Chemist: 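Submitted below is the structure of interest, expressed as structure tokens.
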Amino acid sequence: MKSLILFLLLSLNCCAFSDQNDSTNWIISSSFSITKMDFFSGMQVFRTIDNWSIGTGIEVGVNRTFFQQRIFPKIAFCGNFKFITKSWVNTYATCNYAFSLCKVNLLNNSFHYWNEIYGGMGLDFGNRFRPFFNASIGLLQESFRNNANNKILKFNTLGFQGTVGLRYVF
Amino acid sequence: MYFRFAFYTLLLASCSKSKNYESVSIIGHGGNGLEILNSFYHDNTLEAIELAISIDGSDGIELDVQLSADGELWLYHDDFLESETNGEGCINSKTDNYLESLEYKTLAKEKFAKLSDIDFNRLKNKQLYLDLRHFNFCSKQLVDLNKVIESLQELGLDHLSEIEIYCVVSTNLWIQPLLNAGFKVMATITEFADFESILQQYPEVNGAVINNKSVNLEDVKHLESLGKKVVIFEVRSPKGIRSALKKYPFGIMTDDIRTALIEKY
């Protein structure tokens, strides 16, 4: 039920932004993604130049953190290159870098940090409102300070991200 | 805009956590979890153990232990090597030389590890659950318990006072010999009612390891009133972790330590 409320609220965000249409080079989007660490929900803004679009966004962890009164914020930077455009469908390559952090154990103030660098493919379709899907894989690094030996530890693994969302093109 | 901000804040505040789970231990199942999709490393590897014990707030790990043909204890969850490694057959029928050459079928290709590879100094003040596998699925015979006990004693695990070590067994035949050898023993049970008969036969047994779905708060309270510990496994999703914590067991064997810590605190 809570997830449904969250989804509806994010949909409202998109509708609210769609009233503003004074530029043709900007895109805003609302997305929901699944990653190794949590489900994330967030918003992005993109600038398009020819076939390229670059953007940034903020997201927040939902399933493992939001409903547990824990904030799991993520900031992401993303670049897309559109290489196939057929009528109203675009296929693009995407790469993104994201940084997120979360206080896992409240008692000893231990923050965990995650760096993610992903590459993948995606597609979107439509005109002004463009639903999109993309999937990417890459490096996921977790780092945190171990209080027992006061060392910063880093662990690397293969990460993934699957995203669905809705874009509005100005 | 203000309405949305207020709504998010209220939604966040409405998910209140009023319970105190301070007494519940968080144990990493197979190190940092058996669920490959969410785990950083394959279960029962040195990498997974290092990650699990490094996270502040984790109270210990559970490992699956199998005896090789040469009498060495190896860490592996499944019955057959081919399911997760580049080897084949059963550990109980393989030599240490063969097992040392194996690696997991993951991208990281973690090396196959034995119990003696663990730096036990890193486990000081932690709990260590050794799930001792008793059946050889290739020869269809019971594993030699005396050899298992000898190997555990060679590692000095019966005298490590700074680590709380529990032998977890799923056959009643192994309970008394392990207790006699000075080990703490917990019995894996599928139904809570099974533990009553185990308790009658082996009153010194230290507790039970039981599936989350098969136990409730009253069962846990009953066993704790008898001085026995309950550890709950099959604890993966946030919902599952929450439901296990609400039963206030001695510990939960979770596949997601971070989420368990977030739920606990």
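The chains referred to below are lettered A, B, ... by the order of the sequence lines, with proteins before strands, and numbering in each begins at 1. These figures come from a predicted structure and were not determined experimentally. Only heavy atoms go into these numbers, but all of them, side chains included; no hydrogens, no water, no symmetry mates.
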Chemist: Does a sphere of radius 6.0 Å around NZ in B/Lys105 hold more than 12 heavy atoms from other residues, nucleotides or ligands, not counting ones at 6.0 Å or beyond?
Modeler: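 More than 12 heavy atoms, drawn from other residues, nucleotides or ligands, come within 6.0 Å of this atom.
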Chemist: What closest approach, in Å, do A/Arg64 and B/Pro238 show between heavy atoms, and which atom pair accounts for it?
Modeler: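 Shortest heavy-atom contact: CG-CG, 3.8 Å.
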Chemist: Take atom CG in A/Asp50; do more than 12 heavy atoms of anything else shown fall under 6.0 Å from it?
Modeler: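 Atom CG in A/Asp50 is not packed in, count stays at 12 or less.
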Chemist: Counting neighbours of CD1 on A/Ile75 that are heavy atoms of other residues, nucleotides or ligands and sit closer than 6.0 Å, is the number greater than 12?
Modeler: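 Yes, CD1 of A/Ile75 has more than 12 neighbouring heavy atoms, counting only those of other groups under 6.0 Å.
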Chemist: Sort out for me which of B/Thr259, B/Asp256, B/Asp56, B/Leu51 touches chain A most, counting heavy-atom pairs under 4.5 Å.
Modeler: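 Option with the greatest count: B/Asp56.
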Chemist: May I ask you to check whether over 12 heavy atoms, not counting those of A/Ile54, lie within 6.0 Å of atom CD1?
Modeler: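 Result for CD1/A/Ile54: open.
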Chemist: Give a yes or no on whether B/Leu107 atom CG has more than 12 heavy-atom contacts from other residues, nucleotides or ligands under 6.0 Å away.
Modeler: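 No.
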Chemist: About how many Å separate CZ of B/Phe40 and CD of A/Gln141, when rounded to the nearest 0.5 Å?
Modeler: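 Between A/Gln141 CD and B/Phe40 CZ, I get 9.0 Å after rounding to 0.5 Å.
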Chemist: When rounded to the nearest 0.5 angstrom, what is the spacing between CZ in A/Phe144 and CZ in B/Arg258?
Modeler: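 So the CZ of A/Phe144 and the CZ of B/Arg258 are separated by 7.5 Å.
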Chemist: Shortest non-hydrogen contact from B/Ser54 to A/Asn146?
Modeler: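 Answer, listing the atom of B/Ser54 first, then A/Asn146: O-ND2, 2.6 Å.
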Chemist: For the CD atom of B/Glu47 and the CZ atom of A/Phe155, what is their distance to the nearest 0.5 Å?
Modeler: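 With rounding to 0.5 Å, CD (B/Glu47) is 10.0 Å from CZ (A/Phe155).
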Chemist: Measuring from atom NZ of A/Lys103 to atom OH of B/Tyr265, what distance do you get when rounded to the nearest 0.5 angstrom?
Modeler: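 Those atoms lie 14.0 Å apart.
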Chemist: Under 4.5 Å heavy-atom distance to chain B, tell me which part of A/Asp38 shows up: side chain, backbone, both or neither.
Modeler: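 For A/Asp38, no heavy atom lies under 4.5 Å from chain B.
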Chemist: Without placing hydrogens or testing angles, list every side-chain donor-acceptor pair under 3.5 Å for residues 89-98 of chain A, not counting sequence neighbours.
Modeler:
unit_1: A/Asn90; atom_1: OD1; unit_2: A/Thr85; atom_2: OG1; d: 3.2
unit_1: A/Asn90; atom_1: ND2; unit_2: A/Asp124; atom_2: OD1; d: 3.2
unit_1: A/Tyr92; atom_1: OH; unit_2: A/Asn134; atom_2: ND2; d: 3.3
unit_1: A/Tyr92; atom_1: OH; unit_2: A/Arg167; atom_2: NH1; d: 3.4
unit_1: A/Tyr92; atom_1: OH; unit_2: A/Arg167; atom_2: NH2; d: 3.2
unit_1: A/Thr94; atom_1: OG1; unit_2: A/Asn80; atom_2: OD1; d: 2.7
unit_1: A/Tyr97; atom_1: OH; unit_2: A/Asn115; atom_2: OD1; d: 2.5

Chemist: Measure across A/Asn105 and B/Gly57 and return the closest heavy-atom pair with its distance rounded to 0.1 Å.
Modeler: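 For A/Asn105 versus B/Gly57, the nearest heavy atoms are ND2-CA, 3.4 Å.
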Chemist: Counting only heavy atoms not in B/Gln153 (residues, nucleotides, ligands), do more than 12 fall under 6.0 Å from its CD?
Modeler: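 Counting neighbours around CD of B/Gln153, more than 12 heavy atoms of other residues, nucleotides or ligands fall under 6.0 Å, so yes.
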Chemist: How long is the straight-line distance from CD1 of B/Ile262 back to SG of A/Cys102, given to the nearest 0.5 Å?
Modeler: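 Answer for the SG-CD1 pair, A/Cys102 versus B/Ile262, is 4.0 Å.
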Chemist: Find the distance between CD1 (B/Ile55) and CD (A/Glu142) and round it off to the nearest 0.5 Å.
Modeler: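 Between B/Ile55 CD1 and A/Glu142 CD, I get 6.0 Å after rounding to 0.5 Å.
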